[in-house]
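One-based numbering, in listed order, for ligands and for the atoms of each.
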Amino acid sequence: MKRVRKAVLPVAGLGTRILPAAKTTPKNLLNVFDRPILAHVVAEGRAAGIEHFVFIVGRGQGAIEDYFDHGFELEAQLAAKGKSDILADVRADLSDPGAMSFVRQMAPLGLGHAVWCARDVVGDEAFAVMLPDMLMDADPPALAQAMAAYEAVGGNIVVVEPAPPGEAHKYGIVSLGAEAAGFDGRLNAMTGMVEKPPPGTEPSNLFISGRYVLQPGVFDLLGAHRAGAGGEIQLTDAMLALLADQPFHALEYRGVTHDCGDKLGLLRANVAFALKDLGCGGEVRAAIEGLLDS
Ligand code: UTP
């Protein structure tokens, strides 16, 4: 089995839930504690062995390319002022030359359409999809957990997690079959998926949470451009069609997910990452307690 080397990161959505913050700044460049959401997600991909990142971008998102490239004036000024720690931190997020591709989606027709736009860059190999809105705080990183599952069972892997009680009907929910050995009951064959099942009909409480390993056969199915729920070309529909021919497994990953496409989720991610940071966890806690007491 070949290693998964490429990850597709669709960032061309309109981000309506987080407007007006995402009006002029691409939503995935909004901050979580010390760097943009996207930098955290790329770091997760790198830690999982990803060598090439394929961003699916929309109009007005050129700042994403600039973020992962050298900022010569800024770097020269930091160097001249001897601010070597800050310079190293700025450079830590840069990509190697040629290790990132930026593909324009041209119209936000849905997540499935965005992933389809990566077909030529990905080619004929298994690839990862990372939804950058979903910031997954996990050790090992969420995508690394998915890679371990892929190495064990092959096929297609979908990372899932339990929906909050009573909220399964708001998500894409999976149905499960036989358990795979070696993952403490967290890796199961997947027998189906349903988008936003009516309350009481959910086949499980596990929702598809934003990391996938997929076989390239999904591109042909996405190429049919069939609109699904909400009039959008849905990745779930293509995966359902692929499920007829190929094995899928659902991995319940170990970690905490922050939905940064939502105002409260982004705030929560900021607080969680700030609290975790050894340098200022105490200060953050004190600041929050001070606010709560005021
Ligand atoms: P979402 O539906 O969660 O993101 O898509 P959105 O459309 O940006 O957000 P809202 O609902 O309007 O607030 C999941 C992921 O797929 C990307 C989004 O950028 C997000 O990362 N996406 C979605 C695309 O790249 N293109 C699309 O046409 C749709």
Side-chain angles (χ1 to χ4, degrees), residues 6-32 36-42 44-45 50 53-65 67-68 100-122 127-136 142-143 158-161 163 167 170-173 193 195-196 207-212 214 218-219 222-239 257-269:
K6 295 177 184 169
V8 176
L9 283 73
V11 293
L14 294 178
T16 42
R17 284 171 297 150
I18 206 148
L19 284 171
K23 182 180 167 190
T24 48
T25 302
K27 105 173 133 173
N28 294 291
L29 287 187
L30 295 175
N31 202 54
V32 168
I37 301 165
L38 209 42
H40 292 289
V41 177
V42 166
E44 178 197 330
I50 294 298
F53 293 87
V54 187
F55 295 90
I56 310 303
V57 295
R59 270 184 289 283
Q61 294 190 326
I64 295 176
E65 264 177 83
Y67 184 82
F68 291 103
M100 287 186 167
S101 301
F102 297 84
V103 177
R104 289 283 276 254
Q105 188 183 3
M106 299 173 76
L109 299 181
L111 173 60
H113 182 262
V115 171
W116 177 75
C117 289
R119 66 198 179 283
D120 286 344
V121 183
V122 170
F127 64 103
V129 175
M130 307 178 80
L131 302 193
D133 293 5
M134 302 305 262
L135 191 51
M136 295 183 168
L143 189 63
V158 176
V159 171
V160 298
E161 65 185 279
E167 293 196 7
K170 295 182 181 169
Y171 297 93
I173 300 291
M193 284 163 264
E195 270 301 330
K196 301 187 176 58
F207 75 95
I208 301 174
S209 61
R211 302 289 182 271
Y212 314 71
L214 297 175
V218 77
F219 290 126
L222 288 168
H225 296 314
R226 272 191 210 100
E232 295 195 341
I233 299 169
Q234 299 284 356
L235 181 60
T236 322
D237 292 339
M239 290 198 300
T257 302
H258 303 285
D259 181 358
C260 295
D262 169 269
K263 286 175 188 171
L264 192 57
L266 181 60
L267 177 64
R268 193 168 161 269

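The closest donor-acceptor contact from the side chain of Lys263 to the backbone of Leu19 lies under 3.5 Å. For His40 (side chain) and Leu135 (main-chain N/O), no donor-acceptor pair under 3.5 Å exists by modelled atom type. Glu161 places no side-chain N or O within 3.5 Å of a backbone atom of Ser209 that could act as its donor or acceptor partner. Between the side chain of Glu44 and the backbone N or O of Leu143, at least one donor-acceptor pair lies under 3.5 Å.
Protein heavy atoms are found less than 4.0 angstrom from atom 28 (O) of ligand 1. Atom 5 (O) of ligand 1 is not flagged as protein-proximal [any protein heavy atom, distance under 4.0 Å]. Checking atom 14 (C) of ligand 1 against the protein gives no heavy-atom contact under 4.0 Å.
Ligand-side atoms of ligand 1 in range of Pro108: 28 (O), range being under 4.0 angstrom from any heavy atom. Less than 4.0 angstrom separates some heavy atom of Val11 from each of these atoms of ligand 1: 19 (O), 25 (O).
In terms of N/O distances under 3.5 Å, ligand 1 is approached by Leu14. The distance criterion of under 3.5 Å between nitrogen or oxygen atoms is not met by Leu111 with respect to ligand 1. By the 3.5 Å distance cut-off applied to N or O atoms, Gly110 is counted among the residues near ligand 1. Distances between N or O atoms of Ala12 and those of ligand 1 include at least one value under 3.5 Å. Residue Pro132 has no nitrogen or oxygen atom sitting less than 3.5 Å from a nitrogen or oxygen atom of ligand 1, judged on distance alone. Backbone and side-chain nitrogen or oxygen atoms of Leu131 are examined, and none is located within less than 3.5 angstrom of a nitrogen or oxygen of ligand 1.
Rounded to the nearest 0.5 angstrom, Arg17 CZ and Leu264 CG are separated by 12.0 Å. We find the CG-NZ distance between Leu14 and Lys23 to be 14.0 Å, quoted to the nearest 0.5 Å.
A heavy-atom distance below 4.5 Å is not found between the side chains of Leu222 and Arg119. Asp133 places none of its side-chain heavy atoms less than 4.5 Å from the side chain of Leu131. Between Arg211 and Val41 the shortest side-chain heavy-atom distance falls below 4.5 Å.
At a heavy-atom distance under 4.0 Å, only backbone atoms of Leu109 (N, CA, C or O) approach ligand 1. Counting heavy atoms closer than 4.0 Å to ligand 1, residue Ala114 contributes side-chain atoms (C-beta onward) but none from N, CA, C or O.
If you check which protein heavy atom lies closest to atom 22 (N) of ligand 1, you get Gly13 N, 3.6 Å. Looking at atom 10 (P) of ligand 1, its nearest protein heavy atom turns out to be Thr16 OG1, 3.3 Å. Looking only at heavy atoms of the protein, atom 17 (C) of ligand 1 is closest to Pro10 O, 3.6 Å. Protein heavy atom nearest atom 3 (O) of ligand 1, with residue, atom name and distance: Arg17 NH2, 3.2 Å.
Taking the six-membered ring for Trp and the full ring otherwise, Phe102 and Phe68 have centroids separated by 6.0 Å or more.
The two residues Arg268 and Thr257 make their nearest non-hydrogen contact at NH1-O, 3.7 Å.
Taking each of Lys27, Gln105, Met134 in turn, the one with a heavy atom nearest to atom 26 (N) of ligand 1 proves to be Gln105.
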